[in-house]
Amino acid sequence: MTVPFPQVPPGQIEAANVSIAPDGTKYVVPSGMHERLCRAVVPDADEGTLDPKTELALAGWVSLHTDGLTRRVYIDAPDDFADTAIVKRFARAHDAESIVMARHPSGDVTRWQSPSTISITEQ
């Protein structure tokens, strides 16, 4: 599998859109390019059926993104995702005032009001 986006440099997580592969490798994925990432890493995904970030989560990827306007961080993750540290680092890097994580396939949504309140348990 070839990922068409650059890796996040070690120790950095400042990009507005970061996707994490199942092996833990982090990639900078520009806004609107998750469709391209999905086609590259989930070739059997049904185009147009699900949101690309949902398809990626179902394949074990985590998508972290911020809109830059509302100081909110959004996360699409597999149900078994439990990496509190990366979520806190990403939220702090973007001065997040709120964090929303959707888990897939369960559809469970968790909200936190600040990075310090983040607590993730594996489902």
Test salt bridge (charged side-chain N to carboxylate O under 4.0 Å, His left out) applied to Glu14 - qualifying residues, sequence neighbours left out: none
Any side-chain heavy-atom pair of Pro78 and Leu58 under 4.5 Å: no
Partner residues of Pro30 under the side-chain contact (heavy atoms from CB on, under 4.5 Å) criterion, sequence neighbours left out: Phe5, Met33
side-chain contact (heavy atoms from CB on, under 4.5 Å) against Ala16, all qualifying residues, sequence neighbours excluded: Thr66
Within-4.5 Å side-chain heavy-atom neighbours: Val100 and Thr110: no
Steps toward side-chain contact (heavy atoms from CB on, under 4.5 Å) verdict (Asn17, His34): CA-CA 9 Å; Asn17 294 278; His34 287 87; 4.0 Å; yes
Pairwise side-chain contact, Leu56 with Val42, heavy-atom cut-off 4.5 Å (strictly under): yes
Contact check, side chains of Val87 and Arg92, non-hydrogen atoms, under 4.5 Å: no
Interatomic distance, Asp83 atom CG to Arg89 atom CZ [nearest 0.5 angstrom]: 9.0 Å
Minimal non-hydrogen separation, Ile120 against Ala82, with atom names: CG2-CA, 3.6 Å
Euclidean distance, Leu64 CG relative to Ser19 OG, rounded to 0.5 Å: 7.5 Å
Non-hydrogen atoms of Pro115 and Ile99 that approach each other most closely: N-CD1, 3.7 Å
Heavy-atom check, side chain of Val29 versus side chain of Val18, under 4.5 Å: no
Spacing of CD1 belonging to Ile118 relative to CH2 belonging to Trp112, to within rounding of 0.5 Å: 6.0 Å
Those residues that, when tested against Tyr74, pass ring pair (Phe, Tyr, Trp, His ring centres under 6.0 Å) (two or more places apart): His65
Between Asp76 and Ser63, a side-chain donor and acceptor under 3.5 Å: no
Atom of Ala40, atom of Thr2 and distance for their closest heavy-atom approach: CB-O, 3.8 Å
Arg71: partners by salt bridge (charged side-chain N to carboxylate O under 4.0 Å, His left out), with sequence neighbours left out: Glu97
Arg72 atom CZ: more than 12 heavy-atom contacts under 6.0 Å: no
Side-chain touch Tyr27/Leu37, heavy atoms, less than 4.5 angstrom: no
Candidate pair Phe81 and Met101, rule side-chain contact (heavy atoms from CB on, under 4.5 Å), full reasoning: CA-CA 10 Å; Phe81 177 72; Met101 181 170 68; 4.0 Å; yes
Set of residues satisfying ring pair (Phe, Tyr, Trp, His ring centres under 6.0 Å) with respect to His94, sequence neighbours excluded: Phe90
Residue that, paired with Val8, satisfies side-chain contact (heavy atoms from CB on, under 4.5 Å) out of Thr25, Ile20, Val28: Val28
Distance, nearest 0.5 Å, that separates CD of Gln12 from CD of Gln7: 12.5 Å
